K.L.:
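Quick one: structure below, then a few questions.
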Amino acid sequence: MSVYHWLVVLILLCGLFMRGQRNGNYKFILISAILLFCVLGLRDAYSIGNDSSSSYLHQFQRMEGKEWSDLGGPFDWVQDLEAQTGRDDKNAGLPYVMKLVYDLTDGDYQVFITLISFFVILANAHLVKKYSPAPLQSVLYFLGLLYFTFHFNALKQSVAMTFILYSFDAIVDRRPVKFLILLVLASIFHYPSLVFLPAYWIGNMKLGRNYIFLLSLLLALVFLFRDRIVEFMADAYYGEDSGHAVTTDTRFFMNKVIVMLVIIVAALVIRPPHPSDRVYCSLLALMGIATVLQTFAAYGNIFERLADYYFQFSIVFIPLVFENVQAKRQYLETQTLYLIRNYGPYLFCAFAIWRFLNSTMNDATIYPYHFYFQVEKPEDSLSIIQSFMR
């Protein structure tokens, strides 16, 4: 059994034995967070993950001998890297974090990866603890929707997504200043996270004709101006002179966008939204925007990443759909609703477990897995990477 199989088994066992305890949810969230952190944060930073063990490692090692004044702006410190890759890096936050960790740890990249993993898991644990009625389901969806494995690679977006997760508190509490501060922090690390800017207004919208009109308008704009929007986003993300080719791929219609639509339809039928159900309505509104953004995925994975800023909240939204509450409106018979709420989560969780294990076993960047203490630290990882890039 791989470490990923053991992770699922241990999480299931913890969820099973703690279900009946009064404080079991909090204990389960803590234990599952520790398990997730051990796998994510204690992985061998030099071999596990694609971007994290190559380009990010290269950038981290380049901090050797640099002064704080040498970092300059987001365009200055990566001039040499841009010359090699042809890509503009407008995300100013990460080099400063790299420099700080490099100086404090004498260039220990493993500590850098561990710290980022800690904040990622902490943010997701906070979201689950505060909003999920079924933490075990949420943890399994975090695995099955592949957000856990996503954080093995995309470090800039991982940091940005943590700030976005915390910003949901500001949406629910209607604190626009706090929301904007967290969004700005997210954009410093990954500026495409500004796509989440309308979320404060959307999350506080009443689900009705205005919301349907908004979704219809977004879909119409995507259809009418899809080529221009795609080119604009590709230039903004990859750089105008990167030469990145924008391609189309309709396979996404059979994958994630279908999952999104199933979740939204199930939500509308099983638990029809009501203005008094504020958190649920806010999350449902975000799911609709995520589905619209996901349609861009036909043109490149960058647009799926934009959708994930919204769809990452599905790890608490799906358990809310199946929560046993007295709905203001009911479209199904009581017996049918009872069966769906009791057995539906088992199907979703089984699918999540299968998808997670199947994905990890077929991803050469994270399998086979190694903890950092199982391998020797490379003596000169920078020279190895530079040789590879040549």
Side-chain angles (χ1 to χ4, degrees), residues 1-43 116-152 158 161-162 164-166 168-169 256 259-260 263 266-267 279-280 283 286-287 290 308 310-324 341-361 363 366 369:
M1 290 177 66
S2 71
V3 67
Y4 304 111
H5 287 86
W6 281 113
L7 178 64
V8 172
V9 169
L10 291 175
I11 287 174
L12 288 174
L13 289 175
C14 291
L16 177 64
F17 286 109
M18 294 181 178
R19 182 180 300 176
Q21 298 179 13
R22 181 178 180 183
N23 296 322
N25 283 350
Y26 301 102
K27 292 179 181 179
F28 168 76
I29 293 171
L30 175 61
I31 294 175
S32 62
I34 292 174
L35 291 172
L36 293 169
F37 168 74
C38 287
V39 176
L40 183 64
L42 303 183
R43 71 186 188 273
I116 289 182
S117 301
F118 174 78
F119 287 111
V120 166
I121 298 302
L122 184 66
N124 282 275
H126 167 78
L127 183 76
V128 172
K129 177 179 178 294
K130 190 165 185 179
Y131 298 108
S132 177
L136 174 59
Q137 291 182 43
S138 292
V139 173
L140 292 179
Y141 299 144
F142 180 59
L143 298 176
L145 293 173
L146 306 185
Y147 289 116
F148 180 65
T149 53
F150 175 82
H151 295 305
F152 278 81
S158 293
M161 289 172 77
T162 62
I164 296 298
L165 286 174
Y166 285 118
F168 185 69
D169 293 342
K256 195 169 181 178
V259 174
M260 291 178 171
I263 292 172
V279 172
Y280 177 76
L283 289 171
L286 298 184
M287 294 302 102
D308 282 336
Y310 287 84
F311 196 62
Q312 64 175 329
F313 293 97
S314 58
I315 67 171
V316 296
F317 175 70
I318 299 175
L320 283 171
V321 173
F322 293 103
E323 186 180 14
N324 189 18
R341 284 178 172 172
N342 279 273
Y343 297 103
Y346 290 105
L347 295 176
F348 271 79
C349 289
F351 172 76
I353 294 172
W354 170 83
R355 191 163 185 252
F356 170 68
L357 294 178
N358 182 67
S359 175
T360 54
M361 295 301 101
D363 190 342
I366 62 175
Y369 180 91

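Since we're looking at a predicted model, the values are computed, not measured. Computed from heavy atoms alone, side chains included, the values below leave out hydrogens, waters and symmetry copies.
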K.L.:
Under the 3.5 angstrom rule, does the side chain of R355 hit a backbone N or O of A352 as a donor-acceptor pair?
P.N.:
no
K.L.:
Any chance you could measure I366, atom CD1, to F152, atom CZ, to the nearest 0.5 Å?
P.N.:
5.5 Å
K.L.:
Do L40 and F118 have side chains that approach each other closer than 4.5 Å (heavy atoms only, starting at C-beta)?
P.N.:
no
K.L.:
Can you give each donor-acceptor pair under 3.5 Å made by side-chain atoms of residues 141-149, sequence neighbours left out, with the distance rounded to 0.1 Å?
P.N.:
residue	atom	partner	partner atom	Å
Y141	OH	Q137	OE1	3.3
Y147	OH	D308	OD1	2.9
Y147	OH	Q312	N	3.4
T149	OG1	L146	O	3.2

K.L.:
May I have the step-by-step check of side chain to side chain contact (heavy atoms under 4.5 Å, CB included) for Y280 and E323, ending in yes or no?
P.N.:
CA-CA 11 Å; Y280 177 76; E323 186 180 14; over 6 Å; no
K.L.:
Centroid-to-centroid, Y131 to F313, below 6.0 Å?
P.N.:
no
K.L.:
May I ask you to test the L16-L12 pair for a side-chain heavy-atom distance under 4.5 Å?
P.N.:
no
K.L.:
Measuring from F322:CZ to C349:SG, what's the distance to the nearest 0.5 Å?
P.N.:
9.0 Å
K.L.:
For H151 and S158, which heavy atoms make the closest approach, and how far apart are they?
P.N.:
ND1-OG, 2.7 Å
K.L.:
Which atom names give the shortest non-hydrogen contact between S117 and R43, and what distance separates them?
P.N.:
OG-NH1, 3.5 Å
K.L.:
Can you tell me how far apart CE (M361) and CZ (F356) are? Round to the nearest 0.5 Å.
P.N.:
7.5 Å
K.L.:
So, applying side chain to side chain contact (heavy atoms under 4.5 Å, CB included) with I29, which one of S132, P135, C14 is it?
P.N.:
P135
K.L.:
Return the NE2 to CG distance between H126 and N124, rounded to the nearest 0.5 Å.
P.N.:
10.5 Å
K.L.:
Does T162 use its side chain to pair, donor to acceptor, with the backbone of V120 at less than 3.5 Å?
P.N.:
no
K.L.:
Quick one: pull up CG in L136 and CG in L140 and give me the separation to the nearest 0.5 Å.
P.N.:
4.5 Å
K.L.:
Should I31 and L10 count as side-chain neighbours, where that means a heavy-atom distance under 4.5 Å?
P.N.:
no
K.L.:
Does a side-chain heavy-atom distance below 4.5 Å link Y4 with V8?
P.N.:
no
K.L.:
Please tell me if the side chains of S314 and M287 come closer than 4.5 Å, counting only heavy atoms from C-beta onward.
P.N.:
yes
K.L.:
Are K130 and F168 packed together at the side-chain level, in the sense that at least one heavy-atom pair is separated by less than 4.5 angstrom?
P.N.:
no
K.L.:
Could you grab the distance from atom CZ of F351 to atom CG of N358, nearest 0.5 Å is fine?
P.N.:
10.0 Å
